[in-house]
Number of protein chains: 2
Amino acid sequence: MNTTLQLNLNPNLYLKDPQSTELGKKIIENAINLIDKIGFEAFTFKKLSVSIDSTEASIYRYFENKHRLLVYLITWYWTWVEYNIQFETHNIADAHERLLIALKIIAEKKGKDQNFPDVDEPALQRIVIAESDKTYLTREVDDINKEGLFRGYKSLCKTISSIVSEISPDFKFPDALISTSLEASHQQVFFAKHLPSLSELREADDVFEENFHFLKTLVLNTIR
Amino acid sequence: MNTTLQLNLNPNLYLKDPQSTELGKKIIENAINLIDKIGFEAFTFKKLSVSIDSTEASIYRYFENKHRLLVYLITWYWTWVEYNIQFETHNIADAHERLLIALKIIAEKKGKDQNFPDVDEPALQRIVIAESDKTYLTREVDDINKEGLFRGYKSLCKTISSIVSEISPDFKFPDALISTSLEASHQQVFFAKHLPSLSELREADDVFEENFHFLKTLVLNTIR
DNA sequence: AAGTTTAAGTAGTATTACTATCATAAACGA
DNA sequence: TCGTTTATGATAGTAATACTACTTAAACTT
């Protein structure tokens, strides 16, 4: 299969769909590179406009502000992860097996997906690890939520927590357990790199394998 | 007992010890109020200087910038929490019992502690819930860590994870489990309030009890 | 070819996050 | 009591940020 795909995202995420124009695609591609390189706080529309050889005002026509752009990128990521989970668990009857596949996909290191040529998934994963919590840790969280912008993340959480409920119908906290696990899946990788005394995971090629191992232990032991 | 106490914090947290002067204490007291009221992003030294009827320059003599001030406040909180855990678990032989006390203290709603008249602990707990992750989610994390500013949090994590190891010496991830639990203890309360579909906890007087119940389930099931 | 929608560039503003300098007043030591 | 640290305050200034408003250019329609 050689077709390129497009994820359907909530139109409230943008003022003008960046997937619909050349400039829009350049904004996404270069925003990922730039945030990955300098971090979200230092990232500005001015710097982005220089790197795509355009202007601040043009970028403001696509996104209300840089926070909304971050929400767009992070939502793209979770929607993509959920798509992969749906794809890989399709036609698998055993709930336990489906849960393991889902946890694996969440925990693992992401490579380039040829279906989406404009998105650098490995860079985007690094952004998720370092910046994703900033999407909701803001005073605007309720407004943003009202517009439905967290649907991607919430839907992913629901997908996995319902597998948990299928396995252990009496378990009281499937949503809390899975949201905790989703957060842990990037927090622990961050700790491994920057605050290693907070985690047994160690920065190396296999952090992501250890990450999977930890998540598996956490989730399976908790619901059993 | 009627003496007031003072927590010993790493001097790198400040340029000049705010606990040593009247102005310093006013800065801490009003910073807590102001961040609680308007959030960390909207909080500025200018606004703080107006609320304490002083000047920006004076505040800059105590803290390098507003991020360092946040690190100071959050460190104060975790150091205080660890002090409480030490106090309450002292002389208790049974590790399982000590673990439950520690989880309870982490999870519970904080009231005013008369030992520290200048600190509004309930407001500070709200700041921890909404802003604490911003202390380390920054490009400066490695520099800040090198100065030892995360010692409070790391020490708390170690204290509890060593109880875990005492109970289950073969468990592979005591640090990861406890850092995950510490993060969950404020994340789940945040979700209950702002993104309730990510958690079974519900905003009400007993969120903190449910929080304890969830943490207990998570930790005890995982290590058993 | 004229008119109209749409995209993109130019220019400007208020605020933020500082830094630097100088004045003054209290506190402290000899 | 005189002189000197030390703490705070007042004032000003700067580069960068996060926008907004206005204007021009291109593209598409009739």
Side-chain angles (χ1 to χ4, degrees), chain A residues 11 13-31 34-35 37-73 118 131 134-135 137-141 143-144, chain B residues 11-31 34-35 37-73 118 131 134-135 137-140 143-144:
Chain A
L13 282 163
Y14 45 76
L15 295 171
K16 179 191 170 113
D17 187 358
Q19 309 209 60
S20 71
T21 66
E22 277 313 304
L23 183 64
K25 285 178 200 162
K26 267 173 82 180
I27 289 173
I28 297 305
E29 209 184 320
N30 286 273
L34 196 53
I35 296 174
K37 207 197 309 182
I38 65 176
F40 183 66
E41 329 298 329
F43 169 81
T44 67
F45 279 2
K46 184 94 223 350
K47 290 173 187 165
L48 179 57
S49 73
V50 170
S51 88
I52 61 175
D53 202 34
S54 176
T55 62
E56 258 184 294
S58 299
I59 299 168
Y60 274 104
R61 278 183 200 101
Y62 287 84
F63 294 100
E64 242 176 283
N65 52 51
K66 71 172 188 167
H67 183 255
R68 292 294 178 116
L69 171 53
L70 181 68
V71 175
Y72 177 92
L73 295 176
D118 302 323
E131 322 282 4
K134 295 171 190 166
T135 55
L137 291 176
T138 161
R139 286 279 143 154
E140 286 81 48
V141 58
D143 296 330
I144 294 174
Chain B
N12 289 332
L13 283 164
Y14 44 77
L15 295 171
K16 179 190 172 117
D17 187 357
Q19 309 209 61
S20 70
T21 66
E22 278 313 303
L23 183 64
K25 286 177 198 162
K26 265 174 83 181
I27 289 173
I28 297 305
E29 210 184 319
N30 286 272
L34 196 54
I35 295 174
K37 207 199 305 184
I38 66 176
F40 183 65
E41 330 299 329
F43 170 81
T44 67
F45 279 2
K46 186 91 223 350
K47 289 174 188 166
L48 179 57
S49 73
V50 170
S51 88
I52 62 175
D53 202 33
S54 176
T55 62
E56 255 183 298
S58 298
I59 298 169
Y60 274 105
R61 285 188 193 103
Y62 287 84
F63 293 100
E64 245 177 280
N65 53 51
K66 71 174 188 165
H67 183 255
R68 292 293 179 117
L69 172 52
L70 181 68
V71 175
Y72 178 93
L73 296 177
D118 304 322
E131 322 282 3
K134 293 171 192 167
T135 54
L137 292 176
T138 159
R139 286 278 144 156
E140 287 80 47
D143 296 330
I144 294 174

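Per chain, numbering begins at 1; letters A, B, ... match sequence-line order. Just so you know, these numbers use all the heavy atoms, side chains as well, and skip hydrogens, waters and symmetry mates.
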Revision key, fill the gap. Rounded to whole Å, CG of A:Leu48 lies from P of C:dG9 at a distance of 13 Å

Practice item. Determine the contact category for B:Lys46: base if any of its heavy atoms lies under 4.0 Å from a base atom, sugar-phosphate if only primed atoms, P, OP1 or OP2 are that close, otherwise nothing. Key: nothing

Revision key, fill the gap. In numerical order, the residues of residues 57-71 of chain B whose heavy atoms come under 4.0 Å of DNA chain D are B:Ser58, B:Arg61, B:Tyr62

Review point. What does A:Ser54 touch in the nucleic acid at a heavy-atom separation under 4.0 angstrom: a base, only the sugar-phosphate, or nothing?
Key: sugar-phosphate

Review point. Which part of the nucleic acid, if any, lies within contact of B:Thr44, taking any heavy atom under 4.0 Å across all strands shown: a base, the sugar-phosphate backbone alone, or nothing?
Key: sugar-phosphate

Practice item. Could you list the residues that satisfy ring-ring contact (aromatic ring centres under 6.0 Å, His included) with A:Tyr62, not counting sequence neighbours? Key: none

Practice item. Taking A:Lys134 for its side chain and B:Leu137 for its backbone only, find out whether a donor-acceptor pair lies under 3.5 Å. Key: yes

**Study point:** Heavy-atom check, side chain of A:Phe63 versus side chain of A:Ile28, under 4.5 Å
**Key:** yes

Review point. side-chain contact (heavy atoms from CB on, under 4.5 Å) between A:Thr21 and A:Lys16: does it pass, once the steps are laid out?
Key: CA-CA 9 Å; A:Thr21 66; A:Lys16 179 191 170 113; 3.9 Å; yes

Check your understanding: If each of B:Glu56 and B:Asp53 is mapped to the nucleotide of DNA chain D with the nearest heavy atom, which maps nearer the 5' terminus, i.e. the 5' end?
Key -> B:Asp53

Practice item. Please say whether the positively charged group of B:Lys66, taken as NZ for Lys or CZ for Arg, lies over the ring of B:Phe45, i.e. under 6.0 angstrom from the six-membered ring centre and within 45 degrees of the axis. Key: no

Exercise for review: Verify, without hydrogens or angle tests, whether B:Lys47 (side chain) and B:Ala42 (backbone) share a donor-acceptor contact under 3.5 angstrom.
Suggested key: yes

Check your understanding: Roughly how far, to the nearest 0.5 Å, is CD1 of B:Ile27 from CG of B:Leu69?
Key -> 8.0 Å

Check your understanding: Reading DNA chain D 5' to 3', which nucleotide is the first, and which the last, to come under 4.0 Å of any heavy atom in chain B?
Key -> D:dA7 to D:dA10

Exercise for review: Begin with the C-alpha distance, continue with both residues' side-chain angles, and end with the deciding distance and a verdict on side-chain contact (heavy atoms from CB on, under 4.5 Å) for B:His67 and B:Ile144.
Suggested key: CA-CA 11 Å; B:His67 183 255; B:Ile144 294 174; 3.4 Å; yes

Exercise for review: Write down the distance between CD1 (A:Ile52) and P (C:dA7), rounded to a whole number of angstrom.
Suggested key: 15 Å

